[in-house]
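Values reported hereafter were calculated over all heavy atoms of this structure, with side chains retained and with hydrogens, waters and symmetry mates removed. Chain identifiers are assigned alphabetically (A, B, ...) following the order of the sequence lines, protein sequences preceding nucleic acid strands; residue numbering begins at 1 within each chain.
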2 protein chains.
Amino acid sequence: MGITKTAGFTTQTTEMADVFKALGHPARLAIMEFLSKSTSCICGDIVDEIPLAQPTISRHLSELKKVGLIQGSIEGKNVCYCIDENRWNEVKQIVQNVSTQLNSLNKCC
Amino acid sequence: MGITKTAGFTTQTTEMADVFKALGHPARLAIMEFLSKSTSCICGDIVDEIPLAQPTISRHLSELKKVGLIQGSIEGKNVCYCIDENRWNEVKQIVQNVSTQLNSLNKCC
DNA sequence: TTCCCATATTGCAATATTAGAATATTGTTT
DNA sequence: AAACAATATTCTAATATTGCAATATGGGAA
């Protein structure tokens, strides 16, 4: 049905799944990596970096913003996008937890 | 168009975006967390754990398998699914790299 | 004000994803 | 072999996502 059933999952699971989903597109993942590396956070520089049209990138940015992965602030004529470290730390936490739990299990396969 | 443009992105970016996308669904994220925690890896136990019908879960499992996040091995009448640690480490690496790079930047916002 | 420049929004067509009923498959037990 | 148990596949509908042209918005410069 194209609609995701959320009943029966914790809010935390559903919310973090949305965050991972946002990372699950080459353009959005590339934007996150660009923002983590570059000293620039100007929207225009992202548009130059990513091989998609400006409206498309604008939409991807708004999706990253919707799930809280980035924040945008207006700088005169430009917009500066930055990674929200708190949100990113939540992602890191989930990934690390799985790793930790994996190590404490005896593998069966 | 519902189709994702991959031209212009590195293979690594595209491939890892697919991995994150696979994690971007409550059921699949819950499956990964279950597999990391539980000593059981039997498909039937996953079906009992996740509030979706068996065919739906089977499909989610096959998607996790497609991107290499889990492996399945037949154990008689059952199937045992386990997390592929190599793939998981790649996820962890990306997340950690972003964190590291973030810390070496002076934030602008 | 008028003209640019940077970014966001809208609208639409093409494609992808999701869920589960029905069914198929494969292995086990009797 | 027949009956059963566990899992996978197929099918279909509803819904979501993607990309971009066209357009809107809002700020700075002339």
Side-chain angles (χ1 to χ4, degrees), chain A residues 1-9 13-14 17-31 34-35 40-67 70-82 109, chain B residues 1-9 13-14 17-31 34-35 40-67 70-82 109:
Chain A
M1 306 175 177
I3 194 170
T4 295
K5 247 189 165 181
T6 54
F9 298 105
T13 296
T14 302
D18 280 341
V19 172
F20 280 109
K21 182 152 100 178
L23 294 171
H25 186 288
R28 294 193 294 262
L29 188 55
I31 288 170
F34 175 79
L35 288 180
S40 159
C41 57
I42 303 299
C43 178
D45 291 338
I46 302 173
V47 171
D48 291 342
E49 182 77 8
I50 307 292
L52 291 172
Q54 178 269 322
T56 306
I57 292 171
S58 181
R59 198 186 251 259
H60 284 308
L61 285 168
S62 98
E63 253 164 284
L64 288 171
K65 201 165 140 189
K66 193 175 69 187
V67 299
I70 61 174
Q71 294 172 334
S73 56
I74 297 169
E75 307 268 322
K77 193 157 51 163
N78 302 314
V79 176
C80 172
Y81 282 106
C82 288
C109 38
Chain B
M1 308 177 174
I3 196 171
T4 295
K5 249 191 167 179
T6 54
F9 297 106
T13 297
T14 303
D18 280 341
V19 173
F20 279 110
K21 181 152 100 178
L23 295 171
H25 186 289
R28 294 192 296 260
L29 188 55
I31 289 171
F34 175 78
L35 288 180
S40 159
C41 57
I42 304 300
C43 178
D45 292 338
I46 301 172
V47 171
D48 292 342
E49 182 77 9
I50 307 291
L52 291 172
Q54 178 268 321
T56 306
I57 292 171
S58 182
R59 196 184 248 265
H60 284 309
L61 286 167
S62 97
E63 253 165 282
L64 289 171
K65 201 165 140 190
K66 193 176 69 185
V67 300
I70 63 175
Q71 294 171 335
S73 55
I74 297 169
E75 308 266 323
K77 192 157 54 165
N78 302 314
V79 176
C80 172
Y81 282 105
C82 288
C109 36

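Between B/L64 atom CG and D/dT7 atom C1' there is a gap of 16 Å when expressed in whole angstrom units. Look at NE2 on A/H60: it is 9 Å from P on D/dC20, rounded to the nearest Å. Between the CG atom of A/L61 and the C1' atom of D/dC20 there is a distance of 16 Å, rounded to whole Å. The separation between B/E75 atom CD and D/dA8 atom P is 13 Å, rounded to whole Å. Per the geometry, CD belonging to B/E63 stands 14 Å off C1' belonging to D/dA8, to the nearest Å. Rounded to whole angstrom, the span from the NZ atom of A/K5 across to the P atom of D/dA16 amounts to 15 Å. Summarising the geometry, the separation between CD1 on A/I74 and P on D/dT25 is reported as 15 Å, rounded to the nearest angstrom.
Looking at residues two or more places apart in sequence or on another chain, you find a side chain to side chain contact (heavy atoms under 4.5 Å, CB included) between A/T56 and A/L52, A/A53, A/H60. Residues forming a side chain to side chain donor-acceptor pair (under 3.5 Å) with A/T4 (at least two apart in sequence, or on another chain): none. Under the rule for a side chain to side chain contact (heavy atoms under 4.5 Å, CB included), the partners of B/K65 that lie at least two apart in sequence or sit in another chain are B/I70, B/Y81. With sequence neighbours excluded, the residues forming a salt bridge (charged side-chain N to carboxylate O under 4.0 Å, His left out) with A/E63 are A/R28, listed by chain and number.
Of the candidate nucleotides D/dT7, D/dG19, C/dA19, D/dT7 has the atom lying nearest to any side-chain atom of B/N78. The nucleotide whose nearest atom lies closest to any side-chain atom of B/V79 is, among D/dT15, D/dT7, C/dT7, D/dT7. For B/K77, the listed nucleotide lying nearest its side chain is D/dA5; candidates were D/dT7, D/dA5, C/dT7.
Looking only at distances, a side-chain donor or acceptor of B/S62 sits under 3.5 Å from a matching main-chain atom of B/R59.
Residue A/Y81 places no side-chain N or O under 4.0 Å from the OP1 or OP2 atom of C/dA6. An OP1 or OP2 oxygen of C/dA19 is reached within less than 4.0 angstrom by a side-chain nitrogen or oxygen of B/H25.
Pairs of residues two or more places apart, or lying in two chains, never qualify as salt bridge (Lys or Arg N to Asp or Glu O under 4.0 Å) while including a residue from residues 45-56 of chain B.
Distance check for A/C80 and A/C43: the SG atoms are not under the 2.5 Å cut-off.
Each of A/G24 and A/G76 was assigned the nucleotide of DNA chain D with the nearest heavy atom; the assignment lying further toward the 5' end belongs to A/G24. Between A/D45 and A/T4, the one whose closest nucleotide on DNA chain C sits nearer the 5' end is A/D45.
Within 4.0 Å (heavy atoms only), A/K21 reaches sugar-phosphate atoms of the nucleic acid but no base atom.
In the region residues 46-59 of chain A, proximity to DNA chain C at under 4.0 angstrom, judged on heavy atoms, holds for A/Q54, A/P55, A/S58, A/R59.
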